[in-house]
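Working notes for the structure below.
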Amino acid sequence: MSLTMALVSPAQGADGGASEEVAARRRGRTGVGLLLPGAIYLVAFFAVPVLALLATSLYAPVPGGDVGQYLPALRWENYAAALGKFWPELLRSFWFALLATVAALVVGYPVAYVIAVRARGHRLLQGVLLVLVVAPFFTSFILRTIAWKQVLADDAFVVASLRWLHVLPDDGRLTATAFAVVAGLAYNFLPFMILPVYASLERLDVRMIEAGGDLYAGPFTTFRTVTLPLSMPGVVSGTLLTFIPAAGDYVSASLLGNPTTTTMIGQVIDSRFFRVLDYPTAAALSVVLMVVIALLVTAYVRRTGTEDLL
Amino acid sequence: MSPVRLRTAPEIPGHRSPRRWRLADAVVPAFAGLAFLYLLVPVAYTVAFSFNDAGKSNLVWRGFTWDNWANPCGAPQVCKAFANSLQVGLLSTLVATVLGTLVAIALVRYRFRGRALANLLVFLPMSTPEVVLGAALLAQFLTLRVPLGFWTVVIAHVMFNVSFVVVTVKARVQSMDPRLEEAAADLYATPWQAFWRVTFPLLLPGILAAALLAFSLSFDDFIVTSFNSGPYTTFPKFVYVSATRGIPPQANVIGTAMFVLALAVVVGAQVVTAARRRATRTAAARPEGSAP
Amino acid sequence: MTAAPALELWGVRKEFGGQVAVDGVDLEVPEGSFFALLGPSGCGKTTTLRMVAGLEQPTAGAVSIGGRDVTGTPAHRRPVNTVFQSYALFPHLSVLQNVEFGLRRQRVPDARARALAGLQTVRLAHLADRRPAQLSGGQQQRIALARAIVNNPSVLLLDEPLGALDLALRRAMQLELKRIQAEAGLTFVHVTHDQEEAMTMADTVAVMNAGRIEQLGPPAELYELPRTPFVATFLGRSNLVAGTVVEGSGGVLGVEVAGARLQVPADRSAVSDGPVLLGVRPEKVRLSAQGEPPPSGSNVLGPGTVTDVSFTGVSTAYQVDLGALGVHEVFAQNTTGAPTSRPGDTVHLAWDVDFTFGLVPDAAAAS
């Protein structure tokens, strides 16, 4: 199932490294020639734009000019102003992304475990389950988010049952709440969590779990001391693949949330760019988002000791 | 000390008693079942509502009809947006796959200065939120006064797809024995012939997987597209924009059709792989002399 | 013989980032010979082979094939072919397409017929349409061989070609390779770490160690008269004792070893005075019980204690502890039916002076 393997993240690459050591890599200009077109493309349309974003974040309004007219400048106050005004949205984005990542891990790990370990040896079953995991990818994620809106709607089955069970008060709702936004985020990135965890559990030798049992560890102890540590690379790349896009997402928040208490930073950046034409603020917020994520990811990867994933 | 001797003992009786069934064994699969439900309910909704006799708004179920399927282009702009998405998807996939494959080969097989930097350049776009990618590229297009439209969308999609192609193909190159290329050279193949006759055919499954991934990322992309498309409309953008006014059921028809098609491709690929594996196994099991 | 040697190496040296892998190798392999490069892993033998194939460029020195300097020639223009250790069969091509590959690249007109003939040679023509993955290890090995020999190379390079096979199959393939080499009349250069394989198959063996060739010659000569402690212990087994040359007359050197006096023919010693390492092969040594007079013309060491007796079928191996001189081995043919000594027996070791050899002491190899 090559497509699912393809979705599995950078961690996959680390595996086949053995063959590299057999033959030393070739030197020479051919390698640079192969690299150059792609590298130039990424410099031109990724690296330079990020620098352009940095520059834009420091622009100053044209004195006496129209809305949306800016001059190149080094106006560092833009950052203070942007953060002073939008820090709640920024914090909320990371908070929601964290909740969604934890939720996706809690839901996704058992799924990955069942496919990789319990269904091991049943190739057909494994194949079917993997297809079910990636199946949501094949419908537009905006259509799926809208479907969530329908599932969680006030007059639909889920809310009615929860009201009947008194989990929700009689006027309680699920749409337009933080719960709906986080559930939507967790839902959208769930396959990104399941596939890397599956990939690392798939490589896990079941005999190690048996050895855990053989050495007098109970099922839970075996899981905690053997299975979980061995699947750590998958957990790390799964959480990264969920957290990073979730922190910048604004589709879930704008379709499933409300305008006051669930606004995420992506929505702010979008509206600063397109509605208010406040390019410097939008750029400054983007830079902050990128830098904070880079710092968090580095710290996280250091802490979990999986630097080689990068 | 009595001498060691052979004993012809019967099988130890009662040894194969089945393990007692425990509730704990069922908890994890049951939980996973619920997770699958969570994954698939929205998909089921999307499919079901493609058959909704919707009228104006497709939010409430109003009865079954084939009409939406009979007339998928019935709603204004749906098919145009769909066609746009196909065009952007195909073109950006082609470019990203070529660029990414070359980079992957270079990174695995060659040694040069700046390799670490190149790896970083590939990794960074994947670890940057889409909203930043979109905003950055938009800032550049605005600065250079590039008019937004088809080409800016393609440029943006190639940009975020290159890294995914590199990662996918890289795994394949790493799993390929470098001796095969040496064997080709040893057997009088020029570097060009060695690439086309040995390296490329062996990388092809990885390259196809990468292309499939790139296409699906491009086809489903909304955030980067919304920043860099200007007036140009792709399918996800169409759905998002019409969400406030009510999405026509034809959007669900197209979504469902794409779902079925993709599922068919993946399942077909799996069936072919399984069949090939079985053929290999039976042929290997056949004794050497019995072959015709 | 006026023809140029099939393969010549001139002071070939290879460094990998400052690490010396091959340290100045000179070689001359005559046409039609079966030549083996023998050494432990990491001794530089595979690197040497790869430089001949053109897969590695020497840091210094020159390679010539059939009298033509090919040092700068890329692999695909050298008239050599390699049987890789992992076989490196193309998994996406059929067996026949694999064998045809080189012929097609050279635009040989009757490629298919010649490939089929090559498959006949290795007796696998009936598997022509299979994929490599559908073959057993031994079959893959023979396909790899066929793929190389059909090109009729000036030199055929074999990189541990039998390493992945089990013992029985390896024996069969050794004979098969010898037969094919004799029939095709090709020059084989065979790299291996298996001393028995090298001695069985090759007419000339070069023992390599730490990037250098320690000794080169026919297998029997290397075995009977090793010239370095490394060769003495890597190729077969040897009992070695350190001593000092104290006298030299009549073509025989007298050596003092821990108070005992041993002798070695002068032409079998690499040293004519000062410290020397004396050696003898274990099967040349006899055990003699206490008081039994040794035959004249023998070297005698002892007394020592038998510490272990291992019955191996054709022979019995005794371990004898000679105290300060260390533990030594004796192999005795099982011609009498039962071992002659038991653990704990006190014995002397005796062997013919003519089987003794003298080496330059080398602290590392002697231990």
Side-chain angles (χ1 to χ4, degrees), chain A residues 1-3 6-7 10 12-13 16-17 19 22-23 25-27 31-32 34-35 37-39 41-42 45-46 49-50 52-53 56 107 110-111 114 127 131-132 135-144 146-148 150-151 190 244-245 247-248 251 255 266 269 282-283 286 289-290 297 310, chain B residues 28-29 31-32 35-36 39 41-43 45-46 59 99-100 102-103 105-106 109-112 118 121 123 125 127-132 135-137 139-140 143 155 159 162 167-168 170-171 174-175 177-178 205 209-210 212-213 216 220 222 236 239-240 243 255 258-259 262-263 266-267 270:
Chain A
M1 172 115 205
S2 43
L3 179 63
L7 291 169
Q12 263 302 0
S19 59
V22 175
R25 289 198 186 89
R26 280 170 266 163
R27 288 166 184 281
V32 179
L34 293 173
L35 179 79
Y41 194 98
L42 286 180
F45 296 114
F46 171 73
V50 167
L53 192 70
T56 309
V107 175
V111 174
V114 165
V131 168
L132 289 182
F137 275 138
F138 302 144
T139 40
S140 162
F141 87 106
I142 293 181
L143 281 175
R144 280 182 282 131
I146 288 166
W148 269 120
Q150 292 170 291
V151 173
L190 189 54
I244 294 170
V251 173
L255 290 178
I269 294 172
S286 305
L289 182 63
M290 189 178 180
V297 168
L310 306 182
Chain B
V28 176
F31 188 86
F36 275 112
L39 270 170
V41 160
V43 178
Y45 253 75
T46 306
L59 281 174
L99 292 178
L102 297 182
V103 171
I105 295 174
R109 284 286 194 262
Y110 291 89
R111 195 189 282 276
F112 44 82
L121 190 63
F123 177 73
S127 62
T128 306
E130 277 196 76
V131 66
V132 178
L137 207 50
Q140 165 137 314
T143 312
I155 286 173
M159 181 266 293
V162 165
V167 168
T168 312
K170 220 172 122 179
Q174 277 167 339
S175 70
D177 187 358
L212 220 55
L213 174 68
S216 66
D220 206 20
F222 169 70
V239 176
Y240 184 83
M258 284 301 284
F259 173 75
L263 211 57
V266 170
V267 171
Q270 274 213 314

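Just so we're on the same page: letters track the sequence lines, and every chain starts at 1.
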Open item on the list: Which heavy atom of P125(B) sits nearest to which heavy atom of L42(A), and what is that distance?
Closed with: CG-CD2, 4.4 Å
Task: Most chain A-contacting option - heavy-atom pairs closer than 4.5 Å, from I105(B), V41(B), L137(B) - done: L137(B)
Task: Nearest atoms (heavy-atom pairs only) where A147(A) meets T46(B) - done: CB-OG1, 3.9 Å
- [ ] Heavy-atom pairs under 4.5 Å with chain B are the metric here; pick the option from A39(A), P49(A), G248(A) that has the most.
- [x] P49(A)
Task: Where A135(A) and L263(B) come nearest, the two heavy atoms and their spacing - done: CB-CD1, 4.3 Å
Task: Portion of L190(A) that has a non-hydrogen atom of chain B nearer than 4.5 angstrom - done: side chain
TODO: Of all the heavy-atom pairs spanning A106(B) and L34(A), show the shortest one and how long it is.
DONE: CB-CB, 3.8 Å
- [ ] Check the pair Y110(B), L35(A) against side chain to side chain contact (heavy atoms under 4.5 Å, CB included), reporting the backbone distance first and the verdict last.
- [x] CA-CA 10 Å; Y110(B) 291 89; L35(A) 179 79; over 6 Å; no
TODO: Count the heavy-atom pairs under 4.5 Å between each of V111(A), L143(A), V107(A) and chain B, then report the option with the highest count.
DONE: L143(A)
Task: Closest approach of L255(A) to A243(B) (non-hydrogen atoms, all atoms of both residues) - done: CD2-CB, 3.9 Å
Open item on the list: If the condition is ring-ring contact (aromatic ring centres under 6.0 Å, His included), which residues does Y45(B) pass it with, not counting sequence neighbours?
Closed with: F49(B)
- [ ] Identify the two heavy atoms, one from P29(B) and one from V114(A), that lie closest to each other, and give their separation to 0.1 Å.
- [x] CA-CG2, 3.9 Å
Open item on the list: With rounding to the nearest 0.5 angstrom, report the CZ to OG distance, F222(B) to S140(A).
Closed with: 10.0 Å
Task: Engaged part of L132(A) at the chain B interface, taking heavy atoms whose separation is under 4.5 Å - done: both
Task: Under 4.5 Å from any heavy atom of chain A - which part of Y240(B) - done: both
Open item on the list: Counting only non-hydrogen atoms closer than 4.5 Å, does A35(B) touch chain A with its backbone (N, CA, C, O), its side chain (CB onward), both, or neither?
Closed with: both
Open item on the list: If we define contacts as heavy-atom pairs under 4.5 Å, which of L102(B), V239(B), V162(B) has the most with chain A?
Closed with: L102(B)
Task: Which atoms of F141(A) approach chain B - backbone, side chain, both or neither, heavy atom under 4.5 Å - done: both
Task: Interface residue of largest heavy-atom contact number with chain A, from A136(B), P236(B), P129(B), under 4.5 Å - done: A136(B)
Task: Atom pair CZ/CG of R144(A) and D220(B) - distance to nearest 0.5 Å - done: 6.0 Å
Open item on the list: At a 4.5 Å cut-off on heavy atoms, which part of T56(A) comes close to chain B: side chain, backbone, both, or neither?
Closed with: side chain
